[in-house]
Number of protein chains: 2
Amino acid sequence: MASLNDVANELGISISLVSKVLNGRMGTTGARPELIEAIRRTAAEMNYQKNPAAVALSQGRHNAIGIFIHSFGRPGSGNVDALLHGVSSEARQKNQRFILDFFEREEEFLAFNDITNKSIMDGVLLGGLPHEELVEALLELKASSMPIVTIFDKQINPLLPNVSFDQVEMGRMATDHLIQQGSRKIAHIVDFEERCEGYCNALIQNDMPLNGKLVYREGGEDFSYARGRRAAQFFLDSKTSFDGVVAQSDEEAMGVMNVLLAAGVRIPDDVRIIGMDNAPYCDFAGVSLSSVSQNGVQRGRLALKMLMALIDGETVESVSIPPELFVRESTG
Amino acid sequence: MASLNDVANELGISISLVSKVLNGRMGTTGARPELIEAIRRTAAEMNYQKNPAAVALSQGRHNAIGIFIHSFGRPGSGNVDALLHGVSSEARQKNQRFILDFFEREEEFLAFNDITNKSIMDGVLLGGLPHEELVEALLELKASSMPIVTIFDKQINPLLPNVSFDQVEMGRMATDHLIQQGSRKIAHIVDFEERCEGYCNALIQNDMPLNGKLVYREGGEDFSYARGRRAAQFFLDSKTSFDGVVAQSDEEAMGVMNVLLAAGVRIPDDVRIIGMDNAPYCDFAGVSLSSVSQNGVQRGRLALKMLMALIDGETVESVSIPPELFVRESTG
DNA sequence: TTGAAAGCGCTAACAC
DNA sequence: GTGTTAGCGCTTTCAA
């Protein structure tokens with residue numbers, strides 16, 4: 001691996017000149033065009049590549065960002081995947097290395113502090129399950145002049161810029177879609193209360209009554225297939241007629257779908273179903289599943305952009321990415 | 001951020017002594033126990049943390065490895081996810097940073113050479129879709145003394161250690177499972193020829209005839225839901241009775257399942273179905289789907305272990321991880 | 001038992 | 001136009 005020194009020696013000139021020319025940082029001065037040319041050529045011939053560690057040591061800038069993700073979403077939902085792809089593609093474009101850490105257990109995530117390090121990375125992205133209890137540690141980290149952007153569903157502190165998305169709107173959008181398609185008695189499975197709020201809003205905005213018997217609530221968040229099945233059974237048992245179901249995950253929606261199909265209910269003719277997350281498997285459900293997406297790729301990309309702006313000394317504002325509707329057979 | 005210098009000044013001693021004590025590298029000599037104690041305490045109090053860039057510059061060792069993945073497997077199959085989690089968990093244990101790059105398009109992957117860099121990372125992991133055309137570039141990289149381990153399904157060059165898995169065995173294992181469960185006329189959807197070979201082997205080993213009408217082959221690899229549907233229709237149209245289907249992906253298997261269920265076929269009573277990849281959604285198919293897994297987590301973990309061994313100057317051999325069977329309702 | 005000094009490869013202020 | 005020099009934070013050899 002050729003160094004600046006090697007190139008300088010080859011040409012019999014000083015290291016600093018080579019550095020200046022190669023970096024295009026001549027300041028007010030200049031250099032002989034033919035020398036410039038020669039330096040460039042020699043460097044290329046010798047296959048010179050900067051040593052990032054040396055640059056980092058000298059400049060304090062690493063061209064690397066850390067990303068810490070506490071896995072979220074059900075396995076297979078594609079949520080983490082999408083975020084990662086968004087960040088990764090943007091990072092490549094901006095020539096940033098991208099240091100990843102996954103966490104499964106909470107303690108691991110809380111230890112993120114040991115890993116973030118101003119002398120490794122220029123900034124930090126934090127995503128996945130939100131951790132309010134991290135606020136203090138994050139503010140401290142920020143105070144030590146480490147740029148931070150979070151990718152939680154909502155901002156956990158006004159000082160920490162975040163790429164959020166609107167849970168309420170997600171519920172509203174899903175419900176409103178069913179209404180637009182013609183559903184009038186829409187059931188809902190509650191995990192996040194905010195999405196339920198969106199569901200209610202949609203009913204209100206469309207002058208439709210809210211029927212408590214059609215809201216299935218177990219408490220806690222779960223989003224599981226099993227919960228979907230239990231909910232469907234609950235709706236059937238309630239003897240309350242319904243013609244739409246808004247689930248809070250695709251997995252839940254699959255549970256609902258399978259129970260209803262088994263009970264002889266036709267989808268979407270008798271009941272329309274919509275899920276959330278737009279998981280890859282929506283396409284190959286028995287009846288392909290409509291869904292509302294969190295737009296993970298876009299959020300990841302935007303988060304990295306914001307982080308780079310912060311690193312460059314600009315100020316950034318939190319933003320919210322709207323959910324997106326994907327229509328398939330189940331709400332046809 | 002306190003430096004060695006800061007700690008040394010605080011105690012009025014030399015930098016090198018602090019370094020030696022903190023690293024436990026006293027060589028043949030020693031230091032006063034109480035001084036050692038004082039150094040440790042002061043470092044802790046001052047919240048001293050090594051500057052990795054400086055260590056890297058001085059030692060030429062980065063404690064970071066690069067991982068380059070050309071996405072593979074159908075979205076939602078969880079293949080990439082599993083690999084990444086395996087590598088990540090092992091990396092954390094071994095205190096290695098972990099520099100990620102995803103590739104979607106082939107050109108991007110071929111440019112991996114620009115990114116690998118002895119002065120950023122100590123070794124390289126390459127995984128996902130195998131790229132035989134990379135052999136030359138990889139050997140060159142290796143010759144420049146960069147440790148490399150690949151995570152392709154099979155080794156692409158004898159000089160490049162690889163964590164493979166056995167495609168033939170995957171086909172055999174899936175087919176044999178159906179046979180053990182009682183299936184006698186087993187259909188197969190061909191994407192990879194090797195898996196088909198395994199399918200044939202299983203039939204042969206169990207003294208069962210091979211019926212060409214029950215082998216669906218479109219050419220090329222695809223693994224899609226749509227191919228599964230076409231295959232199922234093909235089997236039905238062939239008027240050849242069958243009581244088992246070995247698909248080469250879970251998505252294909254879902255396609256088969258949905259077509260058969262719609263045609264009134266009972267699963268597993270009339271026909272057993274098994275997929276491959278053990279995708280997360282296997283659990284919430286209409287009838288939960290049995291599958292054979294590539295064991296991505298284990299492979300990722302092992303690959304990192306091998307890479308670390310290489311970095312430490314040991315020699316490693318390629319290994320093959322056996323597939324694993326996950327039984328669910330569809331082959332009950 | 002402790003410290004001085006060189007060096008890893010690069011940048012940047014300043015001198016010539 | 002070009003070169004000298006100090007310095008980023010650490011490790012390591014050698015001397016005291």
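Chain letters run A, B, ... following the sequence lines, proteins first, then strands; residues in each count from 1.
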Euclidean distance, atom [atom1] of residue [X] to atom [atom2] of [N] [Å, nearest integer]:
X: B/R25; N: C/dT1; atom1: CZ; atom2: C1'; value: 20 Å
X: B/Q49; N: D/dG9; atom1: CD; atom2: P; value: 14 Å
X: B/K50; N: D/dC10; atom1: NZ; atom2: P; value: 9 Å
X: B/R61; N: D/dT11; atom1: CZ; atom2: P; value: 14 Å
X: A/I36; N: D/dT2; atom1: CD1; atom2: C1'; value: 12 Å
X: A/L57; N: C/dT11; atom1: CG; atom2: P; value: 12 Å

> Taking the side chain of A/Q59 as its heavy atoms from C-beta onward, which of C/dA12, D/dC10, D/dG1 lies nearest to it?
Replying inline: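 Within the option list, the nearest is C/dA12.
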> Just wondering, more than 12 heavy atoms not from A/E314 lying within 6.0 Å of its CD?
Replying inline: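 More than 12 within 6.0 Å, yes.
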> Under 6.0 Å from the CD atom of A/E34, do we count more than 12 heavy atoms belonging to anything else shown?
Replying inline: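 Counting other residues, nucleotides and ligands, CD of A/E34 exceeds 12 neighbours.
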> Does any pair with a residue in residues 49-69 of chain B pass salt bridge (charged side-chain N to carboxylate O under 4.0 Å, His left out), and if so which ones, sequence neighbours excluded?
Replying inline: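 Residue pairs passing salt bridge (charged side-chain N to carboxylate O under 4.0 Å, His left out), neighbours aside: B/R61-B/D122, B/R61-B/D312.
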> Under the side chain to side chain donor-acceptor pair (under 3.5 Å) rule, what pairs show up with a residue in residues 142-151 of chain B, not counting sequence neighbours?
Replying inline: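 Residue pairs with at least one partner in residues 142-151 of chain B: B/T150-B/N162.
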> Between the base of D/dG1 and the side chain of A/K20, is there a donor-acceptor distance below 3.5 Å?
Replying inline: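 Under the 3.5 Å cut-off, the side chain and the base do not form any donor-acceptor pair.
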Between [X] and [N], is there a side-chain N or O to OP1/OP2 distance below 4.0 Å?
X: B/S19; N: D/dT11; value: yes
X: B/R32; N: C/dT2; value: yes
X: A/N23; N: C/dT11; value: yes

> Which of residues 2-18 of chain B sit near DNA chain D, with a heavy atom under 4.0 Å from it?
Replying inline: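 Output list: B/S3, B/L4, B/I15, B/S16.
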> Does the side-chain contact (heavy atoms from CB on, under 4.5 Å) test come out yes or no for A/M306 and A/V319, once each step is laid out?
Replying inline: CA-CA 10 Å; A/M306 286 168 58; A/V319 292; 4.0 Å; yes
>> Could you work out how much the helix from C/dT1-D/dA16 to C/dC16-D/dG1 bends, comparing the axis of its first five pairs with that of its last five, to 10°?
In response: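 The helix from C/dT1-D/dA16 to C/dC16-D/dG1 shows an end-to-end axis angle of 50°.
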>> Going by ring-ring contact (aromatic ring centres under 6.0 Å, His included), name the residues that satisfy it together with B/H62, two or more places apart in sequence or in a different chain.
In response: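 Listed in chain order: nothing, the list is empty.
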> Looking at residues at least two apart in the chain, or sitting in another chain, which of them share a ring-ring contact (aromatic ring centres under 6.0 Å, His included) with B/F98?
Replying inline: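 ring-ring contact (aromatic ring centres under 6.0 Å, His included) list for B/F98, sorted by chain: empty.
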> On DNA chain C, nearest-nucleotide positions of A/N51 versus B/L35: which is more 5'?
Replying inline: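 Final value for this comparison: B/L35.
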> Has the side chain of A/R301 got a donor or acceptor atom that lies under 3.5 Å from a matching backbone atom of A/V87?
Replying inline: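 Answer holds: no.
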>> Strictly distance-based, threshold 3.5 Å: is any side-chain N or O of B/N51 a donor or acceptor partner for the main-chain N or O of B/A53?
In response: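 Judged by distance alone, yes, a pair lies under 3.5 Å.
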